[in-house]
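Just so we're on the same page: letters track the sequence lines, and every chain starts at 1.
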Protein chains: 2
Amino acid sequence: MRAGERAYRELRADIVSWRLTPGQVLGEVDLSERLGISRTPVREALSRLTADGLTEPHSGRGVVVSAISGEDVRALYELRDTLDCRAAELAALRGNRETFRQLADELSHAAERLSDDPDHVAYYALVDRMDAEIDAAAQNPYLQQALANVRLHLARVRRLSTSNPARLAVAAAEHEAIARAITEGEPALAVATTRVHLRNALSNAMRTPELAPVSPVAS
Amino acid sequence: MRAGERAYRELRADIVSWRLTPGQVLGEVDLSERLGISRTPVREALSRLTADGLTEPHSGRGVVVSAISGEDVRALYELRDTLDCRAAELAALRGNRETFRQLADELSHAAERLSDDPDHVAYYALVDRMDAEIDAAAQNPYLQQALANVRLHLARVRRLSTSNPARLAVAAAEHEAIARAITEGEPALAVATTRVHLRNALSNAMRTPELAPVSPVAS
DNA sequence: AATGCCATTCGTGTATACAGAGCCCTTGTC
DNA sequence: GACAAGGGCTCTGTATACACGAATGGCATT
């Protein structure tokens with residue numbers, strides 16, 4: 001694989017997983033030595049991260065990892081509500097019913113198996129699959145890209161939130177409700193169930209104490 | 001200014017204004033000679049254009065200017081409807097009333113002066129200002145960025161559409177209606193007026209004959 | 001002691017050189 | 001005459017060298 005691509009994915013994973021914390025300075029020379037590649041692909045990776053909004057230029061001092069505040073989470077969920085509701089609506093209009101019927105069935109079983117899977121990898125994989133199916137059903141690449149961007153930022157937040165087992169069980173039921181609404185071809189219900197799910201997800205996310213701090217970096 | 005930044009803006013302007021047409025191959029060496037800079041900043045510019053979706057990688061042959069079809073326009077307006085309606089709704093909730101009252105007044109006068117201004121630069125500047133005010137009022141940087149992306153792509157389409165004077169007069173009235181809805185702090189009405197405007201704008205855009213052709217580039 | 005100025009130094013921005021990979025053209029064979 | 005294989009060539013991907021700019025630390029001055 002291309003070195004720039006590897007560097008981008010590695011740094012992105014480091015940021016999303018909070019191995020790189022907000023305010024951390026990413027120097028090109030440091031990174032090129034740490035990753036064992038030259039500065040050119042490092043520059044490409046940093047450019048892409050900055051375009052994604054995960055890093056910010058730091059006047060003459062390279063780039064720093066972006067801070068993410070409670071206000072950011074509010075704004076992100078506001079946008080996610082806009083995009084996810086529309087995607088669910090479009091999926092209800094254009095999606096294949098059998099696909100979402102099967103997803104709903106699997107989700108109803110997934111809630112029962114949450115305790116068997118300590119890290120809930122199976123559940124998260126199922127949610128990711130549902131996101132992908134909604135994207136495909138919406139048949140709108142621009143909407144899909146916008147959603148991918150929001151999900152990238154919210155993935156950072158999820159790593160902070162406590163994965164409360166009780167919340168996960170409720171979330172699974174909410175996802176199932178969305179899938180059933182899409183299965184039945186009811187766009188208004190798909191929007192409503194999505195909105196309910198996102199409101200609850202936001203409430204849960206905002207319980208995270210780390211989301212209050214102000215950015216340690218001067219702008 | 002940085003050479004990479006200049007190259008990015010110049011190429012982006014060339015693509016939006018259709019001086020560079022879809023399928024056009026952008027070679028790094030050609031561009032570096034044409035722009036009088038080295039390949040490094042050219043690479044940065046091409047990376048950013050590809051991230052924006054204005055160009056696409058062309059397996060081993062650099063990047064080519066992306067095609068834009070009628071289907072793309074439909075998808076773009078679908079996303080724009082989602083984002084613009086939400087932005088207008090938020091502006092009605094959070095915006096400064098006096099700002100939008102003044103915009104509405106200026107728009108009502110702008111329609112009268114359309115014939116005085118052959119290229120309608122004053123009108124378009126006013127619309128751009130209104131977009132900026134809505135962005136600011138929505139107070140959501142992520143929504144703002146998503147909107148900027150959609151507007152970038154639709155700017156390409158606008159250059160193809162015939163700027164019918166009659167349509168512009170109606171569009172000015174539609175913008176005024178949106179501004180008045182925001183002024184009065186009525187989110188539902190702001191959404192409705194925005195939706196009406198976008199539906200009419202889409203109908204007008206789809207009249208462009210060039211939007212049917214298939215991409216001349218093999219994918 | 002605090003503050004402003006200057007030199008040093010680190011880091012990015014740019015240019016260029018090199019290597020590997022993909023494509024096209026040519027040539028040989030069926 | 002057509003198709004396939006191989007070589008050459010051009011292109012991108014990467015590495016490195018150089019220059020300019022900003023930030024920082026020290027020093028002098030008030």
Side-chain angles (χ1 to χ4, degrees), chain A residues 1-15 19-67 214-219, chain B residues 1-15 19-67 214-219:
Chain A
M1 188 189 295
R2 278 170 37 222
E5 182 73 19
R6 249 191 319 159
Y8 169 70
R9 295 192 188 182
E10 191 161 334
L11 288 172
R12 191 180 63 176
D14 284 348
I15 293 173
R19 283 189 291 272
L20 289 173
T21 55
Q24 175 81 259
V25 176
L26 300 180
E28 295 180 2
V29 179
D30 291 348
L31 287 175
S32 62
E33 290 170 355
R34 210 183 83 189
L35 300 175
I37 57 181
S38 85
R39 279 181 52 215
T40 307
V42 169
R43 281 180 69 79
E44 182 198 330
L46 292 179
S47 287
R48 292 175 64 181
L49 289 172
T50 301
D52 289 339
L54 291 178
T55 58
E56 297 170 348
H58 189 217
S59 151
R61 231 29 175 192
V63 302
V64 300
V65 178
S66 300
V214 75
S215 162
V217 188
S219 60
Chain B
M1 188 189 295
R2 278 167 38 222
E5 182 73 18
R6 251 190 317 160
Y8 168 70
R9 295 192 188 182
E10 192 160 333
L11 288 172
R12 192 181 59 177
D14 284 348
I15 293 173
R19 284 189 291 272
L20 288 173
T21 56
Q24 175 81 259
V25 176
L26 300 180
E28 295 179 3
V29 179
D30 290 349
L31 287 175
S32 63
E33 291 169 356
R34 209 183 82 190
L35 300 175
I37 56 181
S38 83
R39 278 181 52 213
T40 307
V42 169
R43 280 181 69 79
E44 182 199 331
L46 292 178
S47 287
R48 291 175 64 182
L49 290 171
T50 301
D52 289 338
L54 291 178
T55 57
E56 296 170 350
H58 189 217
S59 148
R61 245 353 186 215
V63 302
V64 299
V65 178
S66 300
V214 76
S215 163
V217 188
S219 60

*Asks:* Do A/Met1 and A/Arg9 come within less than 4.5 Å of each other through their side chains, counting heavy atoms only?
*Replies:*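 Side-chain contact under 4.5 Å: yes.
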*Asks:* Tell me the interatomic distance from B/Leu26, atom CG, to D/dC11, atom C1', rounded to whole angstroms.
*Replies:*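 Taking atom C1' of D/dC11 as the reference, CG of B/Leu26 is at 14 Å.
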*Asks:* Does anything in residues 32-41 of chain B reach DNA chain C, meaning a heavy atom under 4.0 Å, and if so which residues?
*Replies:*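 Correct list: B/Ile37, B/Ser38, B/Arg39, B/Thr40, B/Pro41.
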*Asks:* Set out, in order, the CA-CA distance, both residues' side-chain angles and the distance that settles side chain to side chain donor-acceptor pair (under 3.5 Å) for A/Ser38 and A/Ser32, then state yes or no.
*Replies:* CA-CA 5 Å; A/Ser38 85; A/Ser32 62; over 6 Å; no
*Asks:* Apply side-chain contact (heavy atoms from CB on, under 4.5 Å) to the pair A/Leu11 and A/Leu54, showing each step before the final yes or no.
*Replies:* CA-CA 10 Å; A/Leu11 288 172; A/Leu54 291 178; over 6 Å; no
*Asks:* Quick one: are A/Gln24 and A/Arg19 in side-chain contact, heavy atoms under 4.5 Å?
*Replies:*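 Heavy-atom side-chain distance check fails, nothing below 4.5 Å.
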*Asks:* Write down the distance between CZ (B/Arg43) and P (D/dT16), rounded to a whole number of angstrom.
*Replies:*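 Rounding to the nearest Å, CZ of B/Arg43 and P of D/dT16 are 16 Å apart.
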*Asks:* Mind listing the closest non-hydrogen atom pair of A/Leu31 and A/Leu26 along with its distance?
*Replies:*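 Smallest interatomic distance, heavy atoms only, reads CD1-CB, 3.9 Å.
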*Asks:* Can you tell me how far P of C/dG11 sits from CG of A/Leu46, to the nearest Å?
*Replies:*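 It is 14 Å, rounded to the nearest whole Å.
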*Asks:* Round to a whole Å and report the spacing from CD of A/Glu28 to C1' of C/dC10.
*Replies:*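 These atoms are roughly 12 Å apart.
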*Asks:* Could you tell me the separation between the CZ atom of B/Arg2 and the C1' atom of D/dC20, rounded to a whole number of Å?
*Replies:*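 Roughly 14 Å, once rounded to whole Å.
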*Asks:* Distance check needed: D/dA15 C1' versus A/Glu44 CD, whole Å only.
*Replies:*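 The answer, rounded to whole Å, is 14 Å.
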*Asks:* For the atom pair CG (A/Asp30) and CG (A/Leu35), what is the distance rounded to the nearest 0.5 Å?
*Replies:*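 Output value for this atom pair is 10.5 Å.
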*Asks:* Rounding to a whole Å, what distance do you find between A/Asp30:CG and C/dC10:P?
*Replies:*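 The distance from CG of A/Asp30 to P of C/dC10 comes to 12 Å, rounded to the nearest Å.
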*Asks:* Whole angstrom is fine here: how far is it from NE2 in B/His58 over to P in C/dG22?
*Replies:*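 Atom-to-atom, B/His58 to C/dG22, this comes out as 14 Å.
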